[in-house]
Visitor: 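Here it is: the structure, laid out below.
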There are 2 protein chains.
Amino acid sequence: MDNSLPATTRKPRSTAGRVTIRQVASHVGVSAITVSRYFKQPDSVSEELRGQIAAAVAELGYVPNLVAGGLASASSRIVGMVIPNISGPIFANTIQSFSDILSQNGYQLMLSSSYFSSEQEENAVRSFLGWSPAALVLTSYFHTEATEKMIAQAGIPVLEIWDLQTERSPIQVGFMHEDVGRMAARYLIGKGYQRIAFVTNSIAGDGSAVDRSNGYKEVVEQEGRAAQIFTPTARLPLEAGEEAFKALIGGDKPADAIIFANDNLACGALLAAQRAGIHIPQQCAIVGFGDYAIADKLYPSLTTIRPPATEIGEVAARRILELVGALPAPENAPAHFHLQCTLIERESS
Amino acid sequence: MDNSLPATTRKPRSTAGRVTIRQVASHVGVSAITVSRYFKQPDSVSEELRGQIAAAVAELGYVPNLVAGGLASASSRIVGMVIPNISGPIFANTIQSFSDILSQNGYQLMLSSSYFSSEQEENAVRSFLGWSPAALVLTSYFHTEATEKMIAQAGIPVLEIWDLQTERSPIQVGFMHEDVGRMAARYLIGKGYQRIAFVTNSIAGDGSAVDRSNGYKEVVEQEGRAAQIFTPTARLPLEAGEEAFKALIGGDKPADAIIFANDNLACGALLAAQRAGIHIPQQCAIVGFGDYAIADKLYPSLTTIRPPATEIGEVAARRILELVGALPAPENAPAHFHLQCTLIERESS
DNA sequence: TTGTAAGCGTTATCAT
DNA sequence: ATGATAACGCTTACAA
C-alpha cells in the first residue's frame with residue numbers, strides 16, 4: 001500500500017500551539033495571502049471576505065505574528081529610541097507623546113537610556129538594528145564613529161531630537177537653547193526691568209546652559225546694556241541658586257531681574273528670598289527654565305520657559321510615520337523642525 | 001545544451017544588503033549553525049573557530065538578525081511593559097531601573113501606556129504578543145477578560161507590579177498601600193503627636209488612597225484613639241490640600257499632625273500654613289506620600305513616604321531574567337515580592 | 001480580486 | 001565539536 005508521507009518521521013517544532021494565518025485562511029476557505037491582505041490593505045479584499053475573515057480571526061483568537069512578518073518584509077513596526085534618561089523631569093513628556101502616537105498607529109516603541117554616554121548609545125543602536133526597526137530616534141547630535149557608520153548603512157530614517165544643530169544633515173526635531181536666553185531677556189526688558197542678570201549652571205559641561213546664556217547676552221548687548229553672567233560654585237542646585245541670588249541682589253548695583261539656567265536654581269533663589277524677606281518680584285524678578293513640576297507650586301509661583309517636550313515627541317513620531325508611509329506625507333517637509341519654547345508667566349516676574 | 005538553472009528567472013527580494021550569518025560562516029569556512037552556536041553557546045565551539053568567527057564578524061560588520069532568530073526559536077528577547085503613564089512622577093523610576101537591567105542582559109524593553117484604562121492595556125498586550133515576548137509586565141491587577149485569557153494562553157511569565165494583591169496567583173512585585181498608612185501613623189504616634197488626622201484624595205476612584213487611609217485607621221484605633229479622615233472637595237490637589245488643612249487646624253480640637261494621601265496635597269497644606277503664619281511642625285506636623293521632586297524643595301521640607309519605585313523595576317527585571325534562564329534562578333523564589341516603602345523624615349514633622 | 005510558489009535569516013532536530 | 005536539513009509564519013513576486 002502506497003503511503004505518500006516521507007519515510008522518515010517529520011521534525012516537528014514546539015510551535016506553542018499558536019494560531020497561524022493559514023488556520024484562519026483555511027477556516028474561511030481562502031489562501032493565506034488573502035488574510036495577509038486583509039490586514040495590510042483591507043480595500044483589496046472583497047467586502048464579503050472581509051466579514052468572514054474578521055469573524056474567523058475573532059473566533060480563533062488569531063494574533064498576527066509580527067516577528068514572522070518582520071522577517072518576510074525585512075522591516076518591523078518597531079521604532080527604537082535612545083534617550084539620556086527616562087526618569088528625569090525633562091524627557092518623560094517627550095517619550096510619552098512619542099510612544100502614544102506610535103502605538104496609535106500600530107508601531108511599538110523600543111526604549112533604551114544612554115545616561116549621556118555615546119558608548120551606551122552605540123550599544124543601544126546596535127541592539128535595535130538587530131530588530132530591523134522602521135526608524136531610529138537619537139537624542140542630541142554627538143555620536144561615536146561606529147554609531148555614525150551604523151546609522152548611515154541602516155537605510156532607515158534616523159531622527160535627532162531635542163537640541164537643534166542645523167548644520168548636520170539628518171532630520172532634527174527640537175529647539176535652540178539660545179532662543180531660551182533671548183526670550184527671557186526680551187521679556188524682562190519689555191516689562192521694564194533694568195539690571196537683568198543671568199545665572200548659569202554650576203555643573204561644568206552643561207553646554208546647553210551656556211547656549212542659553214549666550215542668547216541672553218546677545219539681546220542685552222543689543223540694547224546697549226552690560227551683560228552680567230554669574231556662575232555659582234555650590235554643587236547642589238538649590239544651594240547654587242541661593243548663592244547666586246545673594247551675590248546678585250547685594251552690592252551697589254543690585255540686579256532687579258535674574259534669569260536662571262534652570263528651575264531648580266530659580267527655586268533655590270525663591271526660597272532664599274522668602275527666608276530673607278525679600279519680595280519677589282517687587283525687589284527682584286525671577287525667571288527659570290524647564291517648567292518642572294515645582295514651578296507652579298512655589299510661592300510666589302515661578303515664571304519659567306517651557307521646552308516643547310511633548311511637541312518634540314509628537315512631531316518626531318508623525319514625521320517617522322510619514323517617512324515609513326504609515327501617514328500621508330506632505331510635499332515639502334523640512335529636514336529641521338525648529339520648535340519654539342513657551343514663556344509661562346507666573347507671579348515671580 | 002543542458003542548463004540546470006530553472007528556466008524562469010529567480011525571484012530576488014529586496015534583502016537590503018544585510019550581512020547574514022551564512023556570509024560570516026562561508027567567510028570562515030564553516031556552516032551557519034556553527035556561527036549561531038558561537039553566539040548562543042560559545043563553549044560548544046572550538047577556541048580556534050571562535051577566534052576566526054569573531055574576526056569575521058568584526059570584519060563584515062555582522063549584526064545578528066533578531067527577527068529571524070525570534071521566528072526560528074519562537075521567542076524573542078523582548079519584554080513588554082504596560083504602565084499607566086510614563087511621564088508621571090511615580091512610575092518613571094520603575095521604568096528606568098527595569099529598562100536598564102534588561103538591556104544590561106541583552107533584552108529589550110517594549111513600552112506602552114494605558115492611562116489607567118483596561119482597554120488600552122488589552123490593546124497593548126495584544127500588540128506585544130505579536131512579538132513573542134519573553135515576558136510581560138502589567139501594572140496593578142485589574143485586567144479585562146480578554147487580557148486575562150491572552151496572558152493565560154501566552155505561556156510566558158507575566159508579572160504584576162506596583163500594587164500588591166496577594167490573593168491573585170501571578171507573580172507580583174510591589175508594596176501595600178495599607179502599609180503606607182500604618183507607617184505614617186506609627187511614626188507620628190512615636191513622635192508623641194496626639195490628634196493625628198488623614199486627608200484622602202478628592203479624586204474619586206483613587207482606591208489606593210483609600211487603602212492608605214485604612215492602614216492609618218487600623219493603627220490609630222489599635223491605640224484606642226478616634227480616626228479622623230477628611231475628604232476635600234476641591235479638585236486641584238493644591239487647593240484640596242489647603243482646604244483640608246484649614247478645616248483640620250480649626251475647630252475646638254485641632255489636629256496636631258496630618259497625613260496626606262499624596263505629596264501634592266501636603267504641599268498645598270504647607271503653602272497654606274506659610275501664608276497663614278502657622279508654624280510647621282510646631283503647631284501641626286505634616287506627612288505626605290510619594291516623595292515627589294518638590295518634597296525636599298519646600299520650606300519646611302516635607303516628611304514623606306517613598307514607594308520602592310526603583311526597587312520594583314529592579315526586582316521585576318531580575319525575576320524575569322531568572323525565569324527565562326538569563327540569570328541563575330534561586331531555589332525558592334516567592335510568587336509575591338512584598339517590598340517596603342521608606343519614611344523620609346524631613347522638617348515638616 | 002484572489003492564488004501559487006519561493007524565500008526572508010535564523011535555530012531545532014537529527015546525524016556524524 | 002560540527003554539519004545537513006527542515007522548519008518558524010509571514011510577505012514578495014508573479015500569475016490568473
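The sequence lines fix the lettering, A, B, ..., with proteins before strands; numbering per chain opens at 1.
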Visitor: Cut-off 3.5 Å, side chains only: do B:Asp100 and A:Ser113 have a donor facing an acceptor?
Guide: yes
Visitor: Measure from CG on B:Leu66 to P on C:dG9 and round the result to the nearest Å.
Guide: 14 Å
Visitor: Distance check needed: D:dG9 P versus A:Ile21 CD1, whole Å only.
Guide: 12 Å
Visitor: Round to a whole Å and report the spacing from CH2 of B:Trp131 to P of D:dC10.
Guide: 13 Å
Visitor: Would you confirm whether A:Ser76, through its side chain, and A:Ser132, through its main-chain N or O, come within 3.5 Å as a donor-acceptor pair?
Guide: yes
Visitor: Rounding to an integer number of Å, can you tell me how far B:Glu48 CD sits from D:dA1 P?
Guide: 14 Å
Visitor: Measure the spacing between CZ of B:Phe142 and CD of B:Glu148 and express it to the nearest 0.5 Å.
Guide: 8.5 Å
Visitor: Strictly below 4.0 Å, N to O, side chains only: are B:Arg126 and B:Glu122 in salt-bridge contact?
Guide: yes
Visitor: To the nearest angstrom, how far is B:Leu71 atom CG from D:dC8 atom C1'?
Guide: 4 Å
Visitor: According to ring pair (Phe, Tyr, Trp, His ring centres under 6.0 Å), who are the partners of A:Trp131, at least two apart in sequence or on a separate chain?
Guide: none
Visitor: Within residues 28-47 of chain A, which residues have any heavy atom lying less than 4.0 Å from an atom of DNA chain C?
Guide: A:Val30, A:Ser31, A:Ile33, A:Thr34, A:Arg37, A:Asp43, A:Ser44, A:Val45, A:Ser46
Visitor: Can you pull out every salt bridge (charged side-chain N to carboxylate O under 4.0 Å, His left out) where at least one residue sits in residues 69-86 of chain B? Sequence neighbours excluded, please.
Guide: none
Visitor: Check the distance between C:dT11's P and B:Arg22's CZ and give it to me in whole angstrom.
Guide: 11 Å
Visitor: From CZ of B:Arg77 over to P of C:dT11, roughly how many Å is that when rounded to an integer?
Guide: 10 Å
Visitor: Rounded to whole angstroms, how far apart are CG on B:Asn65 and C1' on C:dG7?
Guide: 14 Å
